[in-house]
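Taking it in order: structure first as structure tokens, then the write-up.
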Amino acid sequence: MRILAVSDVEAKYYYDYYRPGRLDEFDLILSCGDLRKNYLEFLATLSHCPLLYVRGNHDERFAQDPPGGCICVEDQIYVHGGIRILGLGGSYRYRDGANLYTERQMAARVRRLRYQLWKHKGFDILLTHAPARHINDFDSLSHRGFECFGELLEKYAPKYFVHGHIHTNYGTKVPQWTERGPTTIVNACDHYVFDY
């Protein structure tokens, strides 16, 4: 299965410079948040495959006006083609607002998924907006990752962890992918293509 992951920055190759058929190779699109509604709807319409998304810290409007043709996978395990995808959007709380969580609040969201995790015997892809703590995150509150994401990786060893929020132009030491044990960690800022 060929997957296109997107987040935070619109991928010009698939939007501004789009050519007919450019999205045909994908079987699934994963959005990690902070992208415009129109952009997501464009990708969902022209790709002819499902677009799953979680909300980013700037996606407050999606609660009342979600992107058409897209599937929100917040707080659930969504199965597509036999692949189990666990969605947890939002970022670390650095101000008041929706989609911003303390470590304790995010850990409570994870605990509420216990039955789904048991029922599905884990998950294959962790889809989030924020990174895990100490894996490609920063110390500032606005770009800190969640410790409970690292715990999920250790306990369930998914094949992929796909996140956004950490823009690749923040510095030369921001990798687009890295590995931790059996898990490949993908920073989907702009876009990233991988095969499952």
Side-chain angles (χ1 to χ4, degrees), residues 1 3-8 26-35 37 39-41 43-44 47 49-93 98-103 105-133 135-137 145-166 183-189 191-192 194 196:
M1 182 178 295
I3 299 173
L4 171 65
V6 294
S7 186
D8 296 279
F26 299 113
D27 304 297
L28 181 65
I29 298 176
L30 301 175
S31 172
C32 300
D34 284 354
L35 291 166
K37 174 183 173 180
Y39 176 69
L40 294 179
E41 290 175 342
L43 294 178
S47 64
C49 70
L51 188 154
L52 311 182
Y53 74 93
V54 293
R55 292 186 287 268
N57 52 302
H58 298 298
D59 290 332
E60 295 168 345
R61 65 202 176 277
F62 283 5
Q64 289 77 36
D65 188 23
C70 304
I71 302 165
C72 181
V73 294
E74 291 279 354
D75 301 304
Q76 64 177 293
I77 295 176
Y78 184 93
V79 181
H80 174 73
I83 298 174
R84 303 160 297 172
I85 301 152
L86 171 59
L88 288 163
S91 71
Y92 205 91
R93 181 174 289 279
N99 307 320
L100 294 143
Y101 302 90
T102 64
E103 180 68 42
Q105 290 169 327
M106 186 61 78
R109 290 176 69 190
V110 171
R111 280 194 304 277
R112 287 193 292 272
L113 291 165
R114 278 182 298 204
Y115 174 73
Q116 287 190 57
L117 287 163
W118 172 80
K119 177 183 171 187
H120 291 284
K121 298 182 172 113
F123 57 94
D124 304 301
I125 298 176
L126 177 58
L127 177 66
T128 70
H129 181 62
R133 185 71 178 125
I135 306 176
N136 306 331
D137 70 339
F146 289 101
E147 291 179 20
C148 58
F149 291 173
E151 292 165 6
L152 280 171
L153 298 183
E154 288 194 14
K155 183 171 183 179
Y156 294 99
K159 187 163 177 127
Y160 288 97
F161 171 29
V162 183
H163 70 83
H165 196 51
I166 306 298
T183 304
T184 298
I185 299 164
V186 173
N187 179 351
C189 181
H191 77 284
Y192 190 85
F194 63 99
Y196 188 102

>> Test side chain to side chain contact (heavy atoms under 4.5 Å, CB included) on Leu113 and Ile77; report intermediate values, then the result.
In response: CA-CA 8 Å; Leu113 291 165; Ile77 295 176; 5.5 Å; no

Quick one: side chains of residues 79-86, donor-acceptor pairs under 3.5 Å with protein atoms, not counting sequence neighbours, listed by atom name and distance.
from	atom 1	to	atom 2	distance (Å)
His80	NE2	Asp27	O	3.4
Arg84	NE	Asp124	OD2	3.0
Arg84	NH1	His120	O	2.7
Arg84	NH1	Lys121	O	2.6
Arg84	NH2	Asp124	OD1	2.7

Is the closest side-chain heavy-atom distance between [X] and [Y] below 4.5 Å?
| X | Y | answer |
| --- | --- | --- |
| Asn187 | Pro131 | no |
| Ile29 | Cys49 | yes |
| Thr184 | Phe194 | no |
| Leu35 | Leu43 | no |
| Phe123 | Gln116 | no |
| Arg61 | Asp59 | yes |
| Tyr53 | Pro67 | yes |
| Val54 | Thr128 | no |

> Do Cys32 and Leu127 pass the side chain to side chain contact (heavy atoms under 4.5 Å, CB included) test, and can you show the C-alpha distance, the side-chain angles, and the key distance before you say yes or no?
Replying inline: CA-CA 7 Å; Cys32 300; Leu127 177 66; 3.5 Å; yes

> Which residue pairs pass the salt bridge (Lys or Arg N to Asp or Glu O under 4.0 Å) test when at least one of the two sits in residues 69-82, sequence neighbours left out?
Replying inline: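 Listed once each, the pairs are Glu74-Arg109, Asp75-Arg109.
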
>> Please report the interatomic distance CG(Leu51) to CG(Leu28), rounded to the nearest 0.5 Å.
In response: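 Between Leu51 CG and Leu28 CG, I get 8.0 Å after rounding to 0.5 Å.
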
> When rounded to the nearest 0.5 angstrom, what is the spacing between CE in Met106 and CG in Leu100?
Replying inline: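 Answer for the CE-CG pair, Met106 versus Leu100, is 9.5 Å.
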
>> The criterion is side chain to side chain donor-acceptor pair (under 3.5 Å); which residues satisfy it with Asn136, sequence neighbours excluded?
In response: none

> Residues two or more places apart in sequence or in another chain: which of them pass salt bridge (charged side-chain N to carboxylate O under 4.0 Å, His left out) with Glu60?
Replying inline: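 Once residues adjacent in sequence are excluded, the partners of Glu60 under the salt bridge (charged side-chain N to carboxylate O under 4.0 Å, His left out) criterion are Arg95.
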
>> Checking Asp34 now: which residues fulfil salt bridge (charged side-chain N to carboxylate O under 4.0 Å, His left out) with it, not counting sequence neighbours?
In response: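 Here no residue qualifies.
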
> Which of these passes side-chain contact (heavy atoms from CB on, under 4.5 Å) with Asn99: Arg93, His58, Arg55?
Replying inline: Arg55

Who are the side chain to side chain contact (heavy atoms under 4.5 Å, CB included) partners of [X], not counting sequence neighbours?
| X | result |
| --- | --- |
| Thr183 | Leu153, Pro158, Phe161, Ile185 |
| Val110 | Leu88, Cys148, Leu152 |
| Ala108 | Arg111, Arg112 |

>> Applying ring pair (Phe, Tyr, Trp, His ring centres under 6.0 Å), can you list everything that pairs with Tyr92, at least two apart in sequence or on another chain?
In response: Phe146

> His191: what forms a ring pair (Phe, Tyr, Trp, His ring centres under 6.0 Å) with it, not counting sequence neighbours?
Replying inline: Tyr14

>> Between Glu41 and Gly68 (side chain of the first, backbone of the second, donor and acceptor by atom type, cut-off under 3.5 Å), is there such a pair?
In response: yes

>> Show every side chain to side chain donor-acceptor pair (under 3.5 Å) that has at least one partner inside residues 152-165, sequence neighbours left out.
In response: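 Of all non-adjacent pairs touching residues 152-165, those that pass side chain to side chain donor-acceptor pair (under 3.5 Å) are Asn57-His165, His129-His165, Glu154-Arg180.
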
> For the residue pair Ser7 and Gly164, what are the closest heavy atoms and their distance?
Replying inline: OG-CA, 3.2 Å

> What heavy-atom pair brings Ala130 and Ser91 nearest, and what distance separates the two atoms?
Replying inline: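 Where Ala130 meets Ser91 most closely, the heavy atoms are CB-CA, 4.0 Å.
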
